[in-house]
K.L.:
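If you scroll down you'll find the structure; I have some questions about it.
Treat the numbers as computed from the prediction; the structure is a model and nothing was measured. Below, chain A is the first sequence line, B the second, and so on; all start at residue 1.
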Protein chains: 2
Amino acid sequence: MSKPVRSPGGFPVVGIIGGGQLARMCAGPAAELGLTLSVLAEAADASAALVIPSAPVGQHTDLEAVLALAEHCDVVTFDHEHVPADILAALVATGVPVHPRPEALVFAQDKIAMRERLTALDVPCPAWAVARTPAEVEAFGAEVGWPIIAKTPRGGYDGKGVLVAGSAGDLTQWLAHEGTAETGLLLEERVPFVRELAALVARSPSGQAAAWPIVETVQTDGICTEVLAPAPALTGGEAAAATHIALRIAGALDVTGVLAVELFELADGRVVVNELAMRPHNSGHWSMDGAVTGQFEQHLRAVLDLPLGDPSPHERWTVMANVLGGEDEELYSSYRHVMARDPGAKVHLYGKGVRPGRKIGHVNVSGDDLASLRERAGHAAAYIQGKVRE
Amino acid sequence: MSKPVRSPGGFPVVGIIGGGQLARMCAGPAAELGLTLSVLAEAADASAALVIPSAPVGQHTDLEAVLALAEHCDVVTFDHEHVPADILAALVATGVPVHPRPEALVFAQDKIAMRERLTALDVPCPAWAVARTPAEVEAFGAEVGWPIIAKTPRGGYDGKGVLVAGSAGDLTQWLAHEGTAETGLLLEERVPFVRELAALVARSPSGQAAAWPIVETVQTDGICTEVLAPAPALTGGEAAAATHIALRIAGALDVTGVLAVELFELADGRVVVNELAMRPHNSGHWSMDGAVTGQFEQHLRAVLDLPLGDPSPHERWTVMANVLGGEDEELYSSYRHVMARDPGAKVHLYGKGVRPGRKIGHVNVSGDDLASLRERAGHAAAYIQGKVRE
């Protein structure tokens with residue numbers, strides 16, 4: 001069935017463009033809240049299509065498919081930020097509310113637009129510039145010091161579209177790339193950060209906002225592998241400053257839904273903004289088990305302009321570890337082992353086929369002893385991945 | 001789509017006979033765990049069919065429909081206890097594991113069989129007898145004192161099939177009923193209980209068992225309206241004794257999946273068994289938000305013979321209030337109001353049409369102050385129901 005069946009009682013249908021794990025993880029909260037989802041899924045066996053009855057197959061770049069989805073929905077939101085501007089414009093023109101709105105979403109789609117806007121707002125960012133030529137790269141490197149960070153303005157994720165450049169020569173290919181010739185490359189100073197943090201907030205069309213605690217994110221090879229909630233050893237003032245930045249961005253950019261602000265923490269405790277995402281985010285997966293209101297429930301409430309739920313954690317610490325694909329395609333027996341070893345581990349799997357390095361699930365554990373939680377979450381994730389066998 | 005699409009990685013499909021809210025509330029945990037569900041639903045708009053992609057429409061009394069469901073499943077379990085014995089036998093004959101097994105399930109289906117078995121096990125029960133004639137009723141009433149409780153052995157729920165009889169004359173119609181003539185009526189003494197409790201446990205085919213804390217259940221007109229978890233003012237010894245009864249029943253009857261034991265607490269702190277249910281149960285809805293492992297996740301783990309999850313509560317108290325259908329068919333605006341009034345309320349709605357007195361949802365709230373939690377949960381439920389408007 002592709003057309004959604006509405007629940008009686010006046011409950012709305014939320015359309016989601018994209019059938020990845022972020023759409024999938026909305027399924028539980030939607031079922032609990034009595035809401036109906038309809039997902040435009042890349043394939044019949046996409047992660048979200050496996051668990052959501054209304055999952056028409058179509059691409060986010062296919063205008064007809066996007067408009068057909070919207071026809072049965074009371075609001076449309078996104079699993080990812082890749083819907084092109086012309087499709088977004090046509091979607092908005094149907095009159096169905098779209099959250100986040102294209103005017104906000106562009107700042108999560110286009111890293112140059114994001115840097116321009118945040119700089120105009122006086123939000124702390126790394127030093128940055130746009131370069132189209134080797135000479136411009138050389139000038140920026142000479143100014144901020146080598147190596148520098150180069151980013152393609154659009155389409156990057158999980159470390160893709162990001163390069164550490166030791167000289168302009170490292171960027172020859174990227175500069176010559178057709179798309180880049182038009183937009184330019186985003187160059188950023190390599191921030192001497194001591195760790196990475198993330199600020200996750202939700203904001204509704206009415207302007208209500210709610211913030212989860214600031215978390216620490218641990219990356220391996222450019223992919224988030226572990227999240228500590230809340231971030232350890234952060235002072236109240238530092239946490240408030242980071243939260244303030246996220247709420248200020250959400251308000252100034254008129255973001256609707258969940259907004260994730262990835263931050264670099266400097267040695268002096270100040271933070272600068274690394275990236276923005278306008279959707280539920282890997283840094284918020286801990287909230288599914290560790291907070292009164294998880295990010296997927298909150299995103300649904302926000303895009304429907306329902307009052308937001310309490311984002312408070314209900315344990316002192318929650319640690320999330322991502323499960324990445326390993327060598328072994330069979331997961332069920334290692335998953336069984338993890339459940340036996342750790343009855344308190346909350347195992348989440350996305351129904352995705354295994355490819356090395358692909359995010360296929362995560363594990364949350366909550367409690368009082370952070371070191372033990374990190375060991376437990378890390379072990380469970382590594383075991384399912386096939387990296388440890390004891 | 002009615003045939004389930006299996007997740008890659010070796011993950012099983014769990015079939016559920018019956019598409020009510022208990023099947024529906026398995027959807028979130030199944031999606032999180034990477035499991036696939038297939039539900040035999042009474043109608044295309046049954047509660048569970050609204051949120052589970054594989055939901056063939058058919059009746060639990062239709063052999064062909066039941067066997068067709070089992071064909072695509074690795075295990076079959078139940079939303080209710082009403083599947084007839086001959087269908088269960090044919091289901092078992094297919095070789096697909098069925099949990100709970102018919103040999104255990106009969107004690108939740110047939111209250112006379114239950115009383116016989118529990119009495120043989122020396123599990124505390126009310127005084128009881130089977131009566132086919134007014135004379136037998138008179139004799140029992142004279143022995144235990146009037147009024148007595150009469151129950152139809154099969155098919156009762158939520159106070160249906162239960163009558164308080166002040167004399168044999170009150171049971172004339174029931175005794176004359178065709179079914180009863182064969183089986184007899186179950187008569188029980190009216191236990192002078194001080195309150196009702198419930199013991200909820202899960203047990204896997206391997207024999208692993210896990211018990212949630214003993215809860216207090218509050219009934220109104222024979223329907224559970226409120227659950228306090230854990231039961232207040234219960235001593236450690238009393239709680240252990242009640243838990244022991246449930247674990248003993250689960251083991252002795254070889255129950256697989258979740259078992260709920262409804263209990264009467266007497267003035268001296270002892271308990272006697274009122275009813276058994278072999279499935280997730282209203283008395284366990286609090287665990288969806290209040291325990292590390294909720295009853296729907298645990299039921300899935302149990303019937304798949306996966307290691308069981310930690311049933312510990314993660315807050316001091318959780319209160320559940322049932323939302324019953326009121327006069328108003330429109331629910332969405334009152335639900336919005338409840339969310340605004342209480343950001344910490346976890347609202348669960350089942351996608352069911354409103355009929356007065358029908359269970360259409362529940363609200364969980366967790367925290368430290370029991371009196372305040374009872375007020376919050378009760379107000380939220382009453383507001384959605386339309387019973388209060390301030």
K.L.:
Pick one of side chain, backbone, both or neither for Tyr350(A), based on which atoms fall under 4.5 Å of a heavy atom in chain B.
P.N.:
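Looking at Tyr350(A), nothing touches chain B.
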
K.L.:
Is chain B contacted by the side chain of Leu308(A), its backbone, both, or neither, given a heavy-atom distance below 4.5 Å?
P.N.:
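Looking at Leu308(A), just its backbone touches chain B.
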
K.L.:
Under the side-chain hydrogen bond (donor to acceptor under 3.5 Å, both in side chains) rule, what pairs show up with a residue in residues 287-303 of chain A, not counting sequence neighbours?
P.N.:
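Listed once each, the pairs are Thr77(A)-His299(A), His285(A)-Gln295(A), Asp289(A)-His348(A), Asp289(A)-Asn364(A), Glu297(A)-Arg301(A), Glu297(A)-Lys346(B).
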
K.L.:
Mind ranking His314(A), His362(A), Met288(A) by heavy-atom pairs under 4.5 Å with chain B and telling me who comes out on top?
P.N.:
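Going by pairs under 4.5 Å, I would pick His314(A).
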
K.L.:
Are side-chain heavy atoms of His72(B) and Val13(B) found at a separation under 4.5 Å?
P.N.:
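They are not in contact (no side-chain heavy atoms under 4.5 Å apart), so the answer is no.
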
K.L.:
Under the criterion side-chain contact (heavy atoms from CB on, under 4.5 Å), which of Val365(B), Val363(B), Val347(B) is the partner of Asp342(B)?
P.N.:
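Per the side-chain contact (heavy atoms from CB on, under 4.5 Å) rule, the option paired with Asp342(B) is Val365(B), out of Val365(B), Val363(B), Val347(B).
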
K.L.:
Could you check which of Ser47(A), Ser7(A), Ala27(A), Gly9(A) has the highest count of heavy-atom pairs closer than 4.5 Å to chain B?
P.N.:
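Highest number of heavy-atom pairs under 4.5 Å: Gly9(A).
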
K.L.:
State whether the side chain of Ser2(B) and the backbone N or O of Ala55(B) hold a donor-acceptor pair below 3.5 Å, judged by distance alone.
P.N.:
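Answer holds: no.
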
K.L.:
I'd like to know if Arg341(B) and Glu375(B) make a salt bridge, using a cut-off of under 4.0 Å between side-chain N and carboxylate O.
P.N.:
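Here Arg341(B) pairs with Glu375(B) in a salt bridge, since their nearest N and O are under 4.0 Å apart.
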
K.L.:
Please state whether the side chain, the backbone, both or neither of Val354(A) comes within less than 4.5 Å of a heavy atom of chain B.
P.N.:
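Nothing of Val354(A), per the 4.5 Å heavy-atom cut-off to chain B.
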
K.L.:
Please state whether the side chain, the backbone, both or neither of Glu329(A) comes within less than 4.5 Å of a heavy atom of chain B.
P.N.:
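Backbone only.
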
K.L.:
Indicate yes or no: at least one non-hydrogen side-chain atom of Pro213(B) is less than 4.5 angstrom from one of Pro313(B).
P.N.:
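In short, these two side chains touch, coming nearer than 4.5 Å.
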
K.L.:
Any non-hydrogen side-chain atom of Pro307(B) less than 4.5 Å from a side-chain atom of Pro343(A)?
P.N.:
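With C-beta onward as the side chain, the pair stays apart.
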
K.L.:
Taking every non-hydrogen pair under 4.5 Å, which of Ala31(A), Ala340(A), Pro29(A) racks up the most with chain B?
P.N.:
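So the answer, after comparing Ala31(A), Ala340(A), Pro29(A), is Ala31(A).
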
K.L.:
Can you tell me which of Leu304(B), Val51(B), Leu33(B) forms the most heavy-atom pairs within a distance under 4.5 Å of chain A?
P.N.:
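Going by pairs under 4.5 Å, I would pick Leu33(B).
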
K.L.:
Using a 4.5 angstrom heavy-atom cutoff, name the option from His337(B), Arg336(B), Glu330(B), Lys352(B) with the most pairs to chain A.
P.N.:
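Of the options given, most contacts go to Arg336(B).
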
K.L.:
Under a 4.5 Å heavy-atom cut-off, does chain B meet the side chain of Ile360(A), its backbone, both or neither?
P.N.:
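When you check distances to chain B, no heavy atom of Ile360(A) falls under 4.5 Å.
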
K.L.:
Can you tell me which of Gly28(A), Pro8(A), Ala30(A), Gly344(A) forms the most heavy-atom pairs within a distance under 4.5 Å of chain B?
P.N.:
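Winner by heavy-atom pair count: Pro8(A).
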
K.L.:
Identify, with sequence neighbours excluded, every residue that meets salt bridge (Lys or Arg N to Asp or Glu O under 4.0 Å) alongside Asp74(A).
P.N.:
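Scan of Asp74(A) (salt bridge (Lys or Arg N to Asp or Glu O under 4.0 Å), adjacent residues dropped) gives Arg6(A).
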
